[in-house]
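Every number for a ligand or one of its atoms is a count from 1 in the order of the listing. Fair warning: this is a prediction, and the values are worked out from it, not measured in the lab.
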Amino acid sequence: MTANILLVEDEEALRMTLGDRLSSEGYAVDYAFDGEEGLRKATHLPFDLIILDVMLPRKSGFDVCRDVRQAGVITPILMLTARGQTVDKVLGLKLGADDYLTKPFEMIELTARVEALLRRAPVKTPDQQKVYHVGSLEIDVRGTTVSRDGKPVRLSAREFQLLRYLVERQGATLSRDQILKDVWGYNEDTFTRTVDVHVASLRQKLEKDPKQPELILTVQGLGYKLAS
Ligand code: CA
């Protein structure tokens, strides 16, 4: 299963360089551009690893790290610090980061750290394992795996996040605006087509007949809901 990585970095050039490299290594990468967005995504969406810059607008990486841990999220955190000072490293680790890299660093060093952190991903405790069954689907929220009739289905990070969102609200009608805001973090309603596109691709992968969906239902004029 593809590992989902959240990259919280405000510097566009570095974000793109890191994102491209991680994608080319086969990881699914999601982005946050400031500390508040990083915290919101880290505490609402399933990731296998969070790469967190220290110097961020709106909320520092240290504060994000502390708040993520206080929210009970145990996803490994790799902090990026521009300052090589020991005090920063110690503070980061004290606040719950698992490792740190000092900028500038070589890409190969980053990917090595990422691999190492993913290998020692936290052990799942029973109450953190959450497995949903919907029809012939099995959705393991913590393991971020989905299977249909016992066979694994490969979903993109966003498809998984959308499916998880739907299954955790099973039976409730959810508007496109609401889905977009909660899953994508957009506030404008100009991108609601994005939701339709992802619902369509989930149906393609999960429904027996994508044209006659039995799992992800359209509620005319309102939005979508997962069959209960
Ligand atoms: Ca920065």
Side-chain angles (χ1 to χ4, degrees), residues 2-122 144 156-158 160-161 165 180-188 190-191 194:
T2 312
N4 295 324
I5 298 178
L6 174 64
L7 176 57
V8 190
E9 170 61 77
D10 59 309
E11 289 156 59
E12 195 184 355
L14 185 58
R15 191 173 59 237
M16 287 175 72
T17 310
L18 295 182
D20 285 353
R21 179 58 187 258
L22 291 167
S23 302
S24 76
E25 298 278 332
Y27 299 115
V29 188
D30 194 358
Y31 301 91
F33 308 100
D34 62 55
E36 282 180 11
E37 188 185 20
L39 176 63
R40 193 173 47 71
K41 287 195 169 179
T43 51
H44 285 86
L45 301 171
F47 292 102
D48 302 298
L49 177 69
I50 299 163
I51 301 177
L52 180 61
D53 187 33
V54 170
M55 303 287 277
L56 289 170
R58 301 181 74 192
K59 197 176 185 76
S60 87
F62 289 135
D63 291 345
V64 174
C65 183
R66 185 198 57 216
D67 292 354
V68 163
R69 291 297 183 238
Q70 275 177 4
V73 174
I74 54 173
T75 309
I77 295 178
L78 172 61
M79 297 207 77
L80 306 180
T81 168
R83 303 166 283 180
Q85 294 157 358
T86 319
V87 60
D88 278 355
K89 294 170 185 171
V90 171
L91 182 59
L93 296 174
K94 239 177 150 175
L95 292 172
D98 297 87
D99 201 357
Y100 59 84
L101 258 182
T102 304
K103 294 180 187 175
F105 48 81
E106 298 289 332
M107 267 324 148
I108 190 147
E109 197 182 350
L110 176 88
T111 53
R113 301 286 181 100
V114 165
E115 280 169 31
L117 283 171
L118 287 171
R119 267 200 304 273
R120 62 178 167 97
T144 62
S156 71
R158 190 68 83 187
F160 185 85
Q161 288 158 3
Y165 180 81
L180 194 67
K181 182 168 155 286
D182 291 344
V183 178
W184 275 263
Y186 300 151
N187 288 313
E188 305 107 276
T190 42
F191 300 103
T194 306

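Residue-level check: among N/O/S atoms of Glu11, OE2 sits closest to the Ca ion (ligand 1). Looking only at N/O/S atoms, Asp53 comes nearest to the Ca ion (ligand 1) through OD2.
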- Ile51/Leu22 under side-chain contact (heavy atoms from CB on, under 4.5 Å): CA gap, chis, key distance, verdict: CA-CA 11 Å; Ile51 301 177; Leu22 291 167; 3.7 Å; yes

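The minimum heavy-atom distance between Gly19 and Leu7, with the atom names listed, is N-CD2, 3.9 Å. Scanning all heavy atoms of the two residues, the minimum distance from Leu80 to Glu9 falls at CD1-OE1, 4.1 Å.
The Ca ion (ligand 1) lies at the vertex of an angle of 80° between the OD1 atom of Asp10 and the O atom of Met55 (rounded to 10°).
Here the straight-line distance linking atom CZ of Arg69 with atom OG1 of Thr75 works out to 7.0 Å at 0.5 Å rounding.
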